[in-house]
Amino acid sequence: MELGVRQGPRQVVLLLLRLVLLRQLGWGPHSLANAGKMKIVEEPNTFGVNNPFLPQTSRLQAKRNPSAVSGPAHLFRLSGKCFSLVESTYKYEFCPFYNVTQHEQTFRWNAYSGILGIWDEWEIFNNTFTGMWMRDGDSCGSKNRQTKVDLACGKSNKLARVSEPSTCVYSLTFETPLVCHPHALLVYPTLVEALQQKWDKTEQSLADELITPQGYDKLLKEVFEEAGYLKAPTENKAANPEGEAKSSVFETLEKCNKEYEELSKEVKRLKNLLTQNHISYTKQKESTSIEHFDYKKSATSSPVWSSTRPPKHLRGDTGLQNDFL
């Protein structure tokens with residue numbers, strides 16, 4: 001027992017020396033208790049495709065290249081720049097004429113980072129660029145994420161608001177002094193002279209009632225497609241490369257058979273009528289040319305103008321470009 005008493009203080013001294021040594025090495029009581037639970041936590045990726053230091057395998061993978069830069073020339077200076085906004089636990093980044101990305105601002109090992117849309121085309125209404133469409137983003141179920149960016153007048157370039165009005169369809173508001181001029185987003189003054197003449201001719205034809213409002217919308221959309229502001233549809237061309245009219249589609253086989261019988265009776269009646277009057281008939285190729293105009297085939301579009309050539313104050317004949325230099 002006496003030996004045990006003598007050795008007790010000696011063991012305490014040794015234990016204290018060990019604790020002092022461990023503390024000098026950066027180990028405390030809490031560190032010792034949690035030593036088995038330690039792990040390395042990496043900072044989440046908040047730079048996306050704009051971070052040149054990330055390995056290629058870690059960067060966001062876009063499904064396609066962005067469309068060409070187009071629209072008002074004074075907005076081209078935004079190309080190559082990016083603007084961010086943090087809301088809740090997400091950081092949104094808008095790169096004009098490039099893409100929109102979203103990055104989760106948490107330290108989870110699988111924090112979300114993805115593309116909400118790639119620069120696609122302008123939205124045009126009433127002779128005005130009303131928004132930028134970013135499409136073909138990351139998959140979202142059976143569709144791709146897409147974003148519409150509205151441009152608003154502001155004192156500085158900044159991403160002001162972000163919302164998700166419907167699932168996987170996002171809405172961004174970008175403020176910039178570049179659109180504060182009343183003519184800053186007009187379409188007509190940005191067109192080359194040849195396309196302005198096409199627009200003028202279309203307006204005159206509508207005023208002379210040579211074309212319908214639907215035909216007017218179609219021809220004007222072709223002007224915007226030729227300018228590169230809207231993307232020409234490719235699905236119809238791929239399915240029908242010869243540009244031939246598609247056959248009628250009937251809801252049921254019964255309706256199709258009924259329509260066929262009626263048409264057959266009408267053809268037979270007309271043939272008998274021609275025979276009775278000793279008139280010969282031959283099959284002729286139907287003309288596929290468009291009367292009045294020789295424009296490319298296009299899809300439908302929303303109305304853009306409703307009167308003859310846009311007035312001078314809406315054509316932007318005011319030296320607009322000088323206001324942004």
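Small disclaimer: the values here were computed from a predicted structure and weren't measured.
- Note that the NZ atom of K158 and the OG1 atom of T173 stand 11.0 Å from one another [nearest 0.5 Å].
- From H181, atom NE2 reaches atom NE2 of H74 across 9.0 Å, with rounding to the nearest 0.5 Å.
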Test log, rule side-chain contact (heavy atoms from CB on, under 4.5 Å), inputs I115 and V100: CA-CA 6 Å; I115 299 176; V100 173; over 6 Å; no

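- Not one N or O on the side chain of Q146 forms a donor-acceptor pair closer than 3.5 Å with the backbone of D136.
- No donor-acceptor pair closer than 3.5 Å links the side chain of S264 to the backbone N or O of E262.
- In terms of heavy atoms, S70 sits closest to W119 at OG-CZ2, 3.8 Å.
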Using ring-ring contact (aromatic ring centres under 6.0 Å, His included), reason through F129 and W122 one step at a time and then give a plain yes or no. CA-CA 7 Å; F129 294 103; W122 286 96; 4.8 Å; yes

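- For the pair E226/E222, no side-chain contact is recorded, criterion being any heavy-atom separation below 4.5 Å from C-beta on.
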Please assess F83 against E93 for the test side-chain contact (heavy atoms from CB on, under 4.5 Å), listing each intermediate value before the final yes or no. CA-CA 6 Å; F83 307 88; E93 195 165 44; over 6 Å; no

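- Residues L151 and T130 have side chains not in contact (no heavy-atom distance under 4.5 Å, counting atoms from C-beta outward).
- Using a 4.5 Å heavy-atom cutoff, the side chains of D120 and K231 are in contact.
- Counting all heavy atoms, side chain and backbone alike, K148 lies closest to E123 at NZ-OE1, 2.7 Å.
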Could you go step by step and tell me if W199 and F224 meet the ring-ring contact (aromatic ring centres under 6.0 Å, His included) rule? CA-CA 10 Å; W199 190 336; F224 300 150; 5.6 Å; yes

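- Taking every heavy atom of both residues into account, V223 and K198 meet most closely at CG2-CB, 4.1 Å.
- A donor-acceptor contact under 3.5 angstrom links the side chains of N157 and T176, judged on distance only.
- Closest of all the heavy-atom pairs between D138 and K63 is C-NZ, 4.1 Å.
- Between M134 atom CE and T147 atom OG1 the span is 8.0 Å, to the nearest 0.5 Å.
- Judged by distance alone, the side chain of S79 and the main-chain N or O of F76 form no donor-acceptor pair under 3.5 Å.
- Using a distance-only test at 3.5 Å, with no hydrogens or angles considered, no donor-acceptor pair links the side chain of S113 to the main chain of H103.
- In this structure, F94 CZ and M132 CE are separated by 5.0 Å, a value rounded to the nearest 0.5 Å.
- By the side chain to side chain contact (heavy atoms under 4.5 Å, CB included) test, S163 pairs with P165, S171, sequence neighbours left out.
- Side-chain contact, Y188 with D200: a donor N or O sits under 3.5 Å from an acceptor N or O.
- Between Y92 and Y90, the two ring planes are tilted [angle within 30° to 60°].
- A donor atom on one side chain and an acceptor atom on the other are found under 3.5 Å apart for T190 and Y229.
- If you take CG on L116 and CG on N144, they are separated by 11.5 Å, rounding to the nearest 0.5 Å.
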Could you go through W133 and V149, starting from their C-alpha distance and side-chain angles, then the distance that decides it, and tell me whether this counts as side-chain contact (heavy atoms from CB on, under 4.5 Å)? CA-CA 6 Å; W133 273 105; V149 180; over 6 Å; no

E225/K221 under side-chain contact (heavy atoms from CB on, under 4.5 Å): CA gap, chis, key distance, verdict: CA-CA 6 Å; E225 289 174 358; K221 182 157 188 285; 2.9 Å; yes

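- With hydrogens and angles disregarded, no donor-acceptor distance shorter than 3.5 Å links the side chain of E259 to the backbone of L263.
- For D208, the side chain to side chain contact (heavy atoms under 4.5 Å, CB included) criterion is met by Q204, L210, not counting sequence neighbours.
- Looking at every heavy atom in both residues, T202 comes nearest to I211 through O-CD1, 3.8 Å.
- Residues forming a salt bridge (charged side-chain N to carboxylate O under 4.0 Å, His left out) with E266 (at least two apart in sequence, or on another chain): R269.
- Pairing each heavy atom of T167 with each of C140, the nearest pair is CG2-SG, 4.4 Å.
- The distance from atom CG of L219 to atom OG of S205, rounded to the nearest 0.5 Å, is 8.0 Å.
- When the side chains of ILVMFWY residues are joined at heavy-atom separations under 4.5 Å, either directly or via intervening members, V169 and L172 end up in two distinct hydrophobic clusters.
- Side-chain contact check for L85 versus V162: some heavy-atom pair is nearer than 4.5 Å.
- Salt bridge K155/E175: absent, no basic N to carboxylate O contact under 4.0 Å.
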